[in-house]
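One structure is given here, and the rest of the page talks about it.
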2 protein chains.
Amino acid sequence: MGIFSKTCEYAIRAVFFIAHRTAGQSGRVGIKEIALGIDSPEPFLAKILQDLSRRGIVQSTKGPNGGFYLDNASLERPLSDIVAAVDGNDIFFGCGLGLKQCSEINPCPLHNEFKDIRNKIHFMLHETKIGEFNNELVTGMLSLKK
Amino acid sequence: MGIFSKTCEYAIRAVFFIAHRTAGQSGRVGIKEIALGIDSPEPFLAKILQDLSRRGIVQSTKGPNGGFYLDNASLERPLSDIVAAVDGNDIFFGCGLGLKQCSEINPCPLHNEFKDIRNKIHFMLHETKIGEFNNELVTGMLSLKK
DNA sequence: ATAATAAAGGATAAAATAGTCTTTTATTAT
DNA sequence: ATAATAAAAGACTATTTTATCCTTTATTAT
Ligand code: FES
Ligand code: FES
């Protein structure tokens, strides 16, 4: 287990994939191609994208030439929106040692150091926009595949 | 889900508890008192400590006046030993987006930023020693309870 | 030696996460 | 209108994580 749940890892990779495959040309990309492109089990990914679609994080249309895409607003959203939607806010605000709530008044031994790391994670995910890596993904400098 | 598994959270809290309760006086502390002290389910914690004991991270003796304790060598060990034993090394070396392996040659979009955070976590856990907070725990300045 | 104590070990149980399959609904091209 | 296409929805299965319970083994005090 890493920092994110498997569901969340797939979600982030899928959204990056959709972004770089459909940005600009107003195209759509189907679940099959996404699953292949990010090396994920297709039916499981379908469920995940269904959820992201309901939440408005990705856009989709049914039928021929249908598929998933991202509008301009979505491309500008921070990665933290995906993480919050899928894994919740624990990673941003929760106590590292699992206390009910992280607090300055009743801190756990790791509080000070951990708070710092947690904030760096939050900052990174908040500053990173979904469409930010499109160029590098198109040119193959960055990878979404296992 | 936080950074660590529930098992690992309990493990760290329990080891901190044993440390500050038994350091110096060569005493022992029983599972019941530990479970109470860190707000964890007793039988589950028993399993976890059993495992840590087998691995030599905590010490224990059976019978009357028995219980768990930490020898001087154990008090000097870094927290990263507990995390590695319980959750494995993914948090120290794994790719944040779940690629089979994190690599400079085939990096994921978050690689550079994530590597930095991962290293900070590794550094924090490696620099923090198990017996480091004993004073603050005894005086009640730090908490292990939900 | 014996009884009491406390951890170790093993076998299950419950809950959450991960993954699959089948049917329905919306869209589009013919 | 009709057939083809692709996502949405829903029901289901598998695996992993979290948690409990019961028996055995080691230690100690009497
Ligand atoms: S209390 Fe544990 S991280 Fe703040
Ligand atoms: S490749 Fe993803 S963190 Fe290094």
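Below, chain A is the first sequence line, B the second, and so on; all start at residue 1.
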Starting from [atom2] on [N], measure out to [atom1] on [X] and report it in whole angstrom.
X	N	atom1	atom2	value
Ile18(A)	dA7(D)	CD1	C1'	12 Å
Glu33(B)	dT5(C)	CD	C1'	16 Å
Lys6(A)	dT16(D)	NZ	P	11 Å
Gln59(A)	dA8(D)	CD	P	11 Å
Phe44(B)	dT17(D)	CZ	P	10 Å
Asp90(A)	dA16(C)	CG	P	14 Å

Side-chain touch [X]/[Y], heavy atoms, less than 4.5 angstrom:
X	Y	result
Lys32(A)	Glu42(A)	yes
Leu125(B)	Pro78(B)	no
Gln59(A)	Leu70(A)	yes

| field | Stepwise side chain to side chain donor-acceptor pair (under 3.5 Å) check, His20(B) with Glu136(B) | value | CA-CA 9 Å; His20(B) 95 278; Glu136(B) 290 90 338; over 6 Å; no
Nearest-neighbour nucleotide for the [X] side chain, [options] considered:
X	options	result
Ser5(B)	dA8(C), dA8(D), dT18(D)	dT18(D)
Thr7(B)	dT18(D), dA7(C), dT20(C)	dT18(D)
Lys62(B)	dA26(D), dT20(D), dG19(C)	dA26(D)
Asn65(A)	dT28(C), dG19(C), dA8(D)	dT28(C)
Pro41(B)	dT20(D), dA26(D), dT20(C)	dT20(D)
Lys47(A)	dA19(D), dA8(D), dG10(D)	dG10(D)
Pro64(B)	dT28(C), dT27(D), dA8(C)	dT27(D)

| message | Let's test this: given Watson-Crick or G-U wobble pairing with both distances under 3.5 Å, identify the partner of dA29(D). | response |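 WC or wobble partner is dT2(C).
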| said: Applying a 4.0 Å non-hydrogen cut-off, can you work out what Ile31(A) is touching in the nucleic acid: base, sugar-phosphate, or nothing? | reply: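 Sugar-phosphate only.
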| message | Under 4.0 Å, heavy atoms only, any strand: does Arg54(A) hit a base, just the sugar-phosphate, or nothing? | response |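 The answer is sugar-phosphate, as Arg54(A) gets under 4.0 Å only of primed atoms, P, OP1 or OP2.
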| task | Take Cys8(A) and Arg28(A), find for each the nucleotide of DNA chain C with the closest heavy atom, and name the residue whose nucleotide sits nearer the 5' end. | result |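 Its nearest nucleotide lies further toward 5', so the answer is Cys8(A).
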Please determine if a side-chain N or O atom of [X] lies less than 4.0 Å away from the OP1 or OP2 oxygen of [N].
X	N	value
Tyr10(A)	dA18(C)	no
Ser60(A)	dA8(D)	yes
Ser53(A)	dA8(D)	yes

| said: Determine whether a donor-acceptor pair (one donor, one acceptor, N or O, separation below 3.5 Å) exists between the side chain of Gln50(B) and the base of dA7(C). | reply: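 Result: no qualifying N/O pair found.
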| message | I'd like to know whether Lys47(A) forms a salt bridge (Lys or Arg N to Asp or Glu O under 4.0 Å) with Asp51(A), so could you lay out the CA-CA distance, the side-chain angles of the two residues, the decisive distance to 0.1 Å, and finally the verdict. | response | CA-CA 6 Å; Lys47(A) 278 292 159 211; Asp51(A) 181 52; over 6 Å; no
